[in-house]
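What follows is a single structure, written as structure tokens, with notes after it.
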Protein chains: 2
Amino acid sequence: MFDHCLYFNTTALARQLERVWTEAFKPFELTPSQAFTLRAVLEKPGMLHSELADTLKIARATATRAVDGLAARGLLERRATKRDGREWEIHPTPAAVAIKDALNDASGAVTKRLKQDLGDGVFGDFVQQARSITGKLP
Amino acid sequence: MFDHCLYFNTTALARQLERVWTEAFKPFELTPSQAFTLRAVLEKPGMLHSELADTLKIARATATRAVDGLAARGLLERRATKRDGREWEIHPTPAAVAIKDALNDASGAVTKRLKQDLGDGVFGDFVQQARSITGKLP
DNA sequence: CTCCATTGATTAGCTATGCAACTATATGCG
DNA sequence: CGCATATAGTTGCATAGCTAATCAATGGAG
């Protein structure tokens with residue numbers, strides 16, 4: 001009924017992908033959101049909350065809660081910055097560093113599998129299109 | 001950092017589109033989810049919850065809650081079926097029927113605008129790709 | 001130097017979604 | 001018939017996301 005609707009089909013696909021990546025990160029007992037938050041911070045230790053929000057394209061409030069959760073799990077910690085008392089750096093703990101490679105590998109493995117299932121070109125084109133469309137929206 | 005990730009870019013786009021459609025349905029004081037639920041039922045009055053869930057590609061539990069909300073708003077009502085005491089038909093109220101065309105028009109207007117902004121071919125191709133990928137996922 | 005606007009982060013309150021467990025009704029087998 | 005299994009829908013619990021409002025620190029204008 002909504003076969004030609006961009007909103008409908010994109011959100012439906014997003015929900016489906018959520019399932020696939022949930023499965024991929026299950027061995028770590030991390031949700032996709034948690035895993036991507038962790039991967040972002042592991043890639044750039046010491047990033048601020050605002051940078052995290054920009055990187056993940058989520059609202060700052062959501063970034064706060066994501067960090068809360070991973071800090072409670074002992075995977076991230078906040079450190080005050082010297083230059084500005086409002087800012088907090090986000091650092092991975094040793095426990096997080098220990099799983100960094102496995103985490104990236106797990107995500108890479110899903111990507112590789114999907115590229116095979118869908119065709120490498122289709123996959124890449126679709127992702128580029130998605131990025132392009134996102135960039136053109138208000 | 002996640003420039004080539006299907007999951008990341010699709011979910012980010014979905015969130016962005018959520019904003020666009022939220023704006024489009026604001027005049028009706030309906031969220032996109034509510035509006036699409038209503039449009040589905042208006043298109044096929046008397047559909048069952050399981051049909052609604054299939055149509056919207058959501059879990060049955062989510063369909064239950066969507067109908068709850070719109071019934072509370074006086075836009076939908078449930079009616080028991082004769083043939084099976086477990087089933088409930090979902091019917092639009094006169095208030096829902098009254099806004100049917102305006103609702104479809106509002107969605108059509110956003111689509112039209114986006115097709116102009118993005119290019120008609122790009123838009124259509126992307127939607128088809130999204131549907132195709134959804135179909136190939138587990 | 002003081003006050004006000006700005007800015008980084010957090011909190012409050014809400015929506016949509018899912019899975020798993022439950023209720024109630026059907027249905028089919030012995 | 002009567003019980004066991006299957007099915008439609010609901011409920012409980014949890015996650016992630018958003019906006020708006022708030023808190024606290026900065027920094028500039030006068």
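Quick caveat: nothing in here was measured; it's all calculated off a predicted structure. Order of the sequence lines fixes the chain letters, A, B, ..., with proteins taken first and strands second; residue numbering starts at 1 for each chain.
- Remark: nothing in residues 130-138 of chain A comes within less than 4.0 Å of DNA chain D through any heavy atom.
- Smallest separation of non-hydrogen atoms from B/H4 and A/F123: O-CE2, 3.7 Å.
- Shown for residues 66-81 of chain B: residues whose heavy atoms fall under 4.0 angstrom of DNA chain D, namely B/R78.
- A/N9 contributes a side-chain N or O that, together with a main-chain N or O of A/F2, makes up a donor-acceptor pair within less than 3.5 Å.
- Contact annotation: A/R19 side-chain N/O to C/dC19 OP1/OP2 distance is under 4.0 Å.
- Not one side-chain nitrogen or oxygen of B/T62 sits closer than 4.0 Å to the OP1 or OP2 atom of C/dA16.
- For a distance-only test at 3.5 Å, the side chain of A/R65 qualifies as a donor-acceptor partner of the base of C/dA12.
- Residues A/V20 and B/Y7 are not in side-chain contact: their nearest non-hydrogen atoms beyond the backbone lie 4.5 Å or more apart.
- Within the structure, every pair that satisfies the side chain to side chain donor-acceptor pair (under 3.5 Å) test and touches residues 105-125 of chain B, not counting sequence neighbours, is listed here: B/W21-B/S107, B/R39-B/S107.
- Remark: P of D/dA25 and NZ of A/K82 are 17 Å apart, rounded to the nearest angstrom.
- For the pair B/F25 and B/L30, the tightest heavy-atom approach, listed with the atom from each and the gap, is CB-O, 3.3 Å.
- Rounded to a whole Å, the CD1 atom of A/I90 is 8 Å from the P atom of C/dT10.
- B/L56 places its CG atom 10 Å from the P atom of C/dG18, with the value rounded to the nearest Å.
- Taking each heavy atom of A/I90 and A/V41 in turn, the nearest pair found is O-CG1, 3.6 Å.
- One distance of note links OG of A/S132 with CG of A/L137; it measures 9.0 Å at 0.5 Å rounding.
- Per the geometry, CD belonging to A/E18 stands 12 Å off C1' belonging to C/dA16, to the nearest Å.
- Ring pair B/F36/A/F8 is parallel by interplanar angle, where below 30° counts as parallel and above 60° as perpendicular.
- Under the 4.5 Å side-chain criterion, counting only non-hydrogen atoms from C-beta, A/L38 is in contact with A/L103.
- Here C/dC19 is the nucleotide among C/dC19, D/dG9, C/dG18 with the atom lying nearest to any side-chain atom of B/A61.
- With hydrogens and angles disregarded, a donor-acceptor distance shorter than 3.5 Å links the side chain of A/Q16 to the backbone of B/P138.
- Positionally, the nearest nucleotide of DNA chain D for B/W88 lies more toward the 5' end than for the other of A/D84 and B/W88.
- Nearest heavy atom pair, residue A/A96 against residue A/L75, reads CB-O, 3.2 Å.
- The residue A/A59 sits close to a base: some heavy atom pair falls under 4.0 Å.
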What pairs of nitrogen or oxygen atoms, one from the protein and one from nucleotides 4-7 of chain C, lie under 3.5 Å apart?
{"unit_1": "C/dT7", "atom_1": "O2", "unit_2": "A/R86", "atom_2": "NH1", "d": "2.6"}

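- As a whole-Å value, the separation of B/R83 CZ from D/dT7 P is 16 Å.
- Whole-Å rounding puts the A/I58 CD1 to D/dA16 P distance at 10 Å.
- Applying the salt bridge (charged side-chain N to carboxylate O under 4.0 Å, His left out) test to A/E89 and every residue at least two apart in sequence or in another chain returns nothing.
- Using a 4.0 Å cut-off between a side-chain N of Lys or Arg and a carboxylate O of Asp or Glu, B/E18 and B/R15 do not qualify as a salt bridge.
- Put simply, the side chain of A/Q34 gets close to the backbone of A/T31: a donor and an acceptor are under 3.5 Å apart.
- The interatomic distance linking A/E87 (CD) with D/dT26 (P) rounds to 9 Å, in whole Å.
- For the contact set between residues 28-54 of chain A and DNA chain D, defined by any heavy atom under 4.0 Å, the members are A/T31, A/S33, A/Q34.
- Computed from coordinates, the B/Y7 OH to D/dG17 C1' distance equals 11 Å when rounded to whole Å.
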